[in-house]
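Since the structure comes first, as structure tokens, the remarks are kept for the end.
Here is how names work: the chains are called A, B, and so on, in the same order as the sequence lines, proteins then strands, and each is numbered from 1. Every value quoted in this text rests on a predicted model; they were computed, and no experiment measured them.
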2 protein chains.
Amino acid sequence: MSTTPAPGSGSAAAPPAASQREAQKARTRRALLDAALDLLEHQSLSSLGLREITRAVGVSPAAFYRHFRDVADLGVALVDEALDGLRIVIRAGLAERSTDEERIDHAVEAIADHVRAHPGHVRFLVRERHGGVAPVRRAIGAQLDRFAEEVAHVLAQDAESEGWSPEDLRMLAEIYVDHMVMTASSFLQAAQGEGPEEAAVARTARRQLRLVSLGRRHWTTAGERDG
Amino acid sequence: MSTTPAPGSGSAAAPPAASQREAQKARTRRALLDAALDLLEHQSLSSLGLREITRAVGVSPAAFYRHFRDVADLGVALVDEALDGLRIVIRAGLAERSTDEERIDHAVEAIADHVRAHPGHVRFLVRERHGGVAPVRRAIGAQLDRFAEEVAHVLAQDAESEGWSPEDLRMLAEIYVDHMVMTASSFLQAAQGEGPEEAAVARTARRQLRLVSLGRRHWTTAGERDG
DNA sequence: GGACTCAGTTAACAGTTGTGTGCTCAGCCG
DNA sequence: CGGCTGAGCACACAACTGTTAACTGAGTCC
């Protein structure tokens, strides 16, 4: 049972005048979200039943409707939660470090930490990114899109990015974001004994990022054909 | 309703002495697989019901057991089908073309064609790669693993790969395989009006491959730190 | 302290699900 | 031809699903 707090709740999110009443409401809401996350370890959202969730929490099925319209609605709530955490971690890291080498090491380590701290949220994200529930899939897509835009913006401020078109920066950012998701997924598998161990995953991820970073350095001197 | 043949059935797969009896059996088996694929357009495997499939085909629920033990079992059958097709297409293309530019253009076009020809299979693959049904997830993982190994083997025969360790070749191959899956997924979204159009997806994919290819060319002259 | 709000309850609704048993009858084989 | 095999059928089973309705009672507000 995951009793870890929601990823976003680390720094911001002040308790909004909790009048014992809405405090209790918030607690069961959290319980529903957490129970859903636990159940989603072994299935995907489109097969997760409303009753299944309420049973795990210990409330009646009807109580669910006081918090969410749908299971899909709950899913969308989970998306926001899951990606807010990741964005904060990575963006802060990227902006500060100087050399490529440092940035790569830090980013990979940050991903590993995040996966260790919030495995449920990460699994949910990776699984439902292409999953069967349209609203959730769209929500994840939109969030990752926004994320890529931010990364592109950070990259634009590097000295190396001189002469890069916005389109190419965006393309590069998408490589990074996709790679991040894949790496997170690999860490997750490592954590539960499937596939290579965590150290090997980190090593491969670093090398891949280094190769991309190498391609980036030689891009403008070579590229610019193709329409 | 997809009435397209299975991806693998293009070149090999001779009809194994179809005695009208097992021919009919094979036909309903196909019907079950196709119906499942259609239904999976709007949901994921872990929520796909056995009765749902048989109802779509027009046979009784009990008939299902003559062909598959489980819905998960049917899923594994779909995995083999879906990846056999892709592997043949890509591997053939990669081995023949000479310059990077040609290979990239050809690979992206081959992916686009394959997605157009077998959207259901591709969607299934992308969706269930991280999906909630363990046997299917493992089957896809194993197949993609084998795929990456083959790509690494092809890459090893390039002149550019001199001095590359098997581990680094494998790392590079994984970039390519993951990128291929992501590209296929983007084409799929494009085909149904979500996200950028097909031409834009192809353009971005080509640029990304070009950047990776650039990193590859400068790898050995720069790399080889990190343990 | 009395009216009110509203998170959570109980009970019932009509469908649905996976699985088992025994049957039928077209196709195969000697 | 006659016997056998086995794909598909009809039917029944208990268990489960999402959703609605009316109700309860603790917390809030004036």
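- Listed nucleotides: D:dT28, D:dG18, D:dC9. Nearest to the side chain of A:Q20: D:dT28.
- As a whole-Å value, the separation of B:L48 CG from C:dT16 P is 16 Å.
- Summarising the geometry, the separation between NZ on A:K25 and C1' on C:dT5 is reported as 12 Å, rounded to the nearest angstrom.
- Nearest heavy atoms, B:E52 versus B:S47: OE1-O, 4.0 Å.
- Atom-to-atom, CG of A:L50 to P of C:dC13 comes out at 20 Å; the value is rounded to the nearest Å.
- A salt bridge links A:R170 with A:D145; the closest basic N to acidic carboxylate O contact falls under 4.0 Å.
- Residue B:R55 is classed as a sugar-phosphate contact, given heavy-atom separations below 4.0 Å to backbone atoms only.
- Distance CZ (A:F64) to P (C:dT9): 14 Å, rounded to an integer number of Å.
- Here A:R30 pairs with A:E81 in a salt bridge; the nearest charged N to carboxylate O distance falls below 4.0 Å.
- Distances were taken from every side-chain heavy atom of B:R66 (C-beta onward) to each of D:dG8, C:dT19, D:dG18; the shortest belongs to D:dG8.
- The side chain of A:A63 sits closest to C:dT9 out of C:dT9, D:dT19, D:dG8.
- Salt-bridge check for B:R129 with B:D178: passed, with a basic side-chain N closer than 4.0 Å to an acidic carboxylate O.
- Across C:dG20, D:dG8, C:dG8, the shortest atom-to-atom separation from the side chain of B:A62 is found for C:dG20.
- Across the protein-nucleic acid pair, A:E52 atom CD and C:dT17 atom C1' stand 13 Å apart, rounded to whole Å.
- With 3.5 Å as the limit, one finds a donor-acceptor pair spanning the side chains of B:D80 and B:Q143.
- Protein atom NE2 of B:H67 is 7 Å distant from nucleotide atom P of D:dA7, rounded to whole Å.
- Nearest nucleotide to the A:R51 side chain, out of D:dC9, D:dT17, C:dT19: D:dT17.
- For the OP1/OP2 pair of D:dG8 and a distance below 4.0 Å, the side-chain nitrogens and oxygens of B:T28 include at least one atom meeting the criterion.
- What separates CZ of B:F68 from C1' of D:dA7 is a distance of 14 Å, to the nearest Å.
- Going from atom OH of A:Y65 over to atom P of D:dC23 covers 20 Å, rounded to whole Å.
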